[in-house]
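All remarks here apply to the structure that follows.
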2 protein chains.
Amino acid sequence: MGNCSICAIRSKAVDALSPTEVEYLQGNCAEVDMKPGESIIKEGSLSSHIAYLKTGLATIHKKGVKGTDQILKILQPGCYIGMQTVLSNKIHQYSASAIEDSTICYIDITSFKDLISRNAQFANELILYLCRDELSYFARFVNVHQKQVDGRLADTILFFSDEVKKSRSFQIPLSRNDIAALICATRESVTRSIKDLSDIGSIRVKGKSFEILNYDLLKIISEKG
Amino acid sequence: MGNCSICAIRSKAVDALSPTEVEYLQGNCAEVDMKPGESIIKEGSLSSHIAYLKTGLATIHKKGVKGTDQILKILQPGCYIGMQTVLSNKIHQYSASAIEDSTICYIDITSFKDLISRNAQFANELILYLCRDELSYFARFVNVHQKQVDGRLADTILFFSDEVKKSRSFQIPLSRNDIAALICATRESVTRSIKDLSDIGSIRVKGKSFEILNYDLLKIISEKG
DNA sequence: TTTAAAATGTGATTTATGTATCATTGCTAA
DNA sequence: TTAGCAATGATACATAAATCACATTTTAAA
């Protein structure tokens, strides 16, 4: 069981809670360690808890008409998982899985709802969170449709470098198939695109290890599509 | 100036306000009539108000790397416009335009924020609204990438029939270009796809007038992609 | 270590859709 | 009405990316 009051990466929403409320939250949440590949929440299952990614890295993914999953987002510490579903629906509308060693806090949904109606500032922070989150999907939606595979792959590599790993040399903890599901392409196209970007000298890739050799060039490809 | 307290299509969130709060809201909002094509909010502009679609029909759209706009959503009465931007950002991240005669209520953003921090139930309803909204984008995101143009067009026709016009025979107040921007295709593909769906006898189309001849067939195309 | 299974790379081929071009229709306004 | 312009339809062509099929590498297991 974690201690929410001293949690270093607790959300802004939790910051808005009173000590008593934090204690209440803490009493109704459970911390779980997860290995890559483990399922955090599952599309189609009944939702009794919402999850909070405390440490690690995860994806949310959703089944499409073709039967395969599309990765909607890479989640970093500080993300709520399943909040949209829990509040407006009884069944999870998407899945989430760890892709690195992660710690998840499962929060009882009734308690969570309780806090929302009791503390307007808590609710307010959640609204901000949801707004930001939705705007990021808008940008992603438009980008994915106006860029071709090379541009989308460049986006992803830059995202991992700039936002996640904060380094020019890093591991992307996704299979080629996963990357394809993320950038809306096929495994083969991802392979070819990695080759393209390597051939022009913008990146060096070995398995899951990526290194950015020419950041500006990669940026250009990302921006022109 | 509208009268929020007797507004027939006011949001659930406003339902949660006290009479005094409704009066406060009313004092800080302005009702505007709009013609098709008129801009409700504009991407890149400073946001001082959020909008509420009282009557009519509108789109939200966002500029992509290619320079052209992608339509993110068709808005029906009861939708908030620019809420995501206003709460987390100073600049509108997307545009909205009327596509039929519409009535828009512009709400002063400071007042709106005020109400959120004063009334937890109001905030709670907004959270529900945002959650539902985001989930709809998840579904749309996955669909658009796993269906081809015929399936996406079928989706759109079914959407207008089932959700908007509640009839098998109706007008879609969008140009071919607009439809293309909505289903992530080109004008030419839309034309071809309309011809496809007509040829198999699922629809009859004349200009902007659509009639569904074989609902089940259209549904199959929508579902199989 | 050896073997099996999964993931990845590669090339050939197909296909859906974009691009380009031009004809036609319909609408707006004088 | 007629001119002018935007929207639409239609067709030929180009291409990005999917699909298919198979080789190779990596990983996991025995």
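In the text below, chain A, chain B and the rest are named by the order of the sequence lines, each starting its count at 1. Note that the coordinates shown come from a computational prediction; the quantities given were computed from them, not determined experimentally.
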B:R140 and B:D155: salt bridge (Lys or Arg N to Asp or Glu O under 4.0 Å), yes or no, with the steps?
-> CA-CA 10 Å; B:R140 182 157 147 69; B:D155 280 350; over 6 Å; no

Evaluate the salt bridge (Lys or Arg N to Asp or Glu O under 4.0 Å) criterion for residues A:E31 and A:K54: first the C-alpha distance (whole Å), next the side-chain angles of each, then the deciding distance (0.1 Å), finally the verdict.
-> CA-CA 9 Å; A:E31 200 175 301; A:K54 191 174 167 185; 2.9 Å; yes

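Scored by the salt bridge (charged side-chain N to carboxylate O under 4.0 Å, His left out) test, A:D199 finds A:K195 as partners (sequence neighbours excluded).
The CZ-P distance, from B:R176 to C:dT17, rounds to 18 Å in whole Å. Across the protein-nucleic acid pair, B:L153 atom CG and C:dA16 atom P stand 16 Å apart, rounded to whole Å. Taking atom NZ on A:K195 and atom P on D:dA17, their separation rounds to 16 Å, with Å as the unit. The separation between B:L174 atom CG and D:dA6 atom C1' is 17 Å, rounded to whole Å. As a whole-Å value, the separation of B:I221 CD1 from C:dA16 P is 14 Å. With rounding to whole Å, B:I183 atom CD1 is found 9 Å from C:dG18 atom P. Between the CG atom of A:D178 and the P atom of C:dA6 there is a distance of 16 Å, rounded to whole Å. Regarding A:N177, its CG atom lies at a distance of 16 Å from the P atom of D:dT27, rounded to whole Å.
The six-membered or imidazole ring of A:F112 lies near that of A:Y80, with a centre-to-centre distance under 6.0 Å.
Where A:Q148 and A:E188 meet DNA chain D, the nucleotide closest to each residue was compared, and A:Q148 sits on the side nearer the 5' end. Residues A:T186 and A:K206 both approach DNA chain D. Their nearest nucleotides, taken by heavy-atom distance, put A:T186 toward the 5′ side. The nearest heavy atom of DNA chain C to B:D150 and to A:G207 marks one nucleotide each, and the one closer to the 5' end goes with A:G207.
Looking at the side chain of A:K66, the nearest of the listed nucleotides D:dT19, D:dT8, C:dT10 is D:dT19. Closest to the side chain of B:S175, out of D:dA17, D:dG9, D:dA7, is D:dA7.
Ion pairing of B:D101 with B:K35 is present here, as a side-chain N (NZ or NE/NH1/NH2) and a carboxylate O approach within less than 4.0 Å.
Under the 30°/60° scheme for interplanar angles, the aromatic rings of B:F160 and B:F170 are found to lie parallel.
End-to-end axis angle of the helix from C:dT1-D:dA30 to C:dA30-D:dT1, from C1' rotation axes over five pairs per end: 50° (rounded to 10 degrees).
A donor N or O paired with an acceptor N or O is found under 3.5 Å between the base of D:dT19 and the side-chain atoms of A:R192. Not a single donor-acceptor contact under 3.5 angstrom links the side-chain atoms of B:R187 to the base of C:dG18.
Within the 4.0 Å cut-off from OP1 or OP2 of C:dT8, at least one side-chain nitrogen or oxygen of A:K208 is found.
Within the 4.0 angstrom heavy-atom criterion, no nucleotide atom of any strand lies near B:K147.
Without hydrogens or angle criteria, A:T59 side chain to A:H61 main chain gives no donor-acceptor distance under 3.5 Å.
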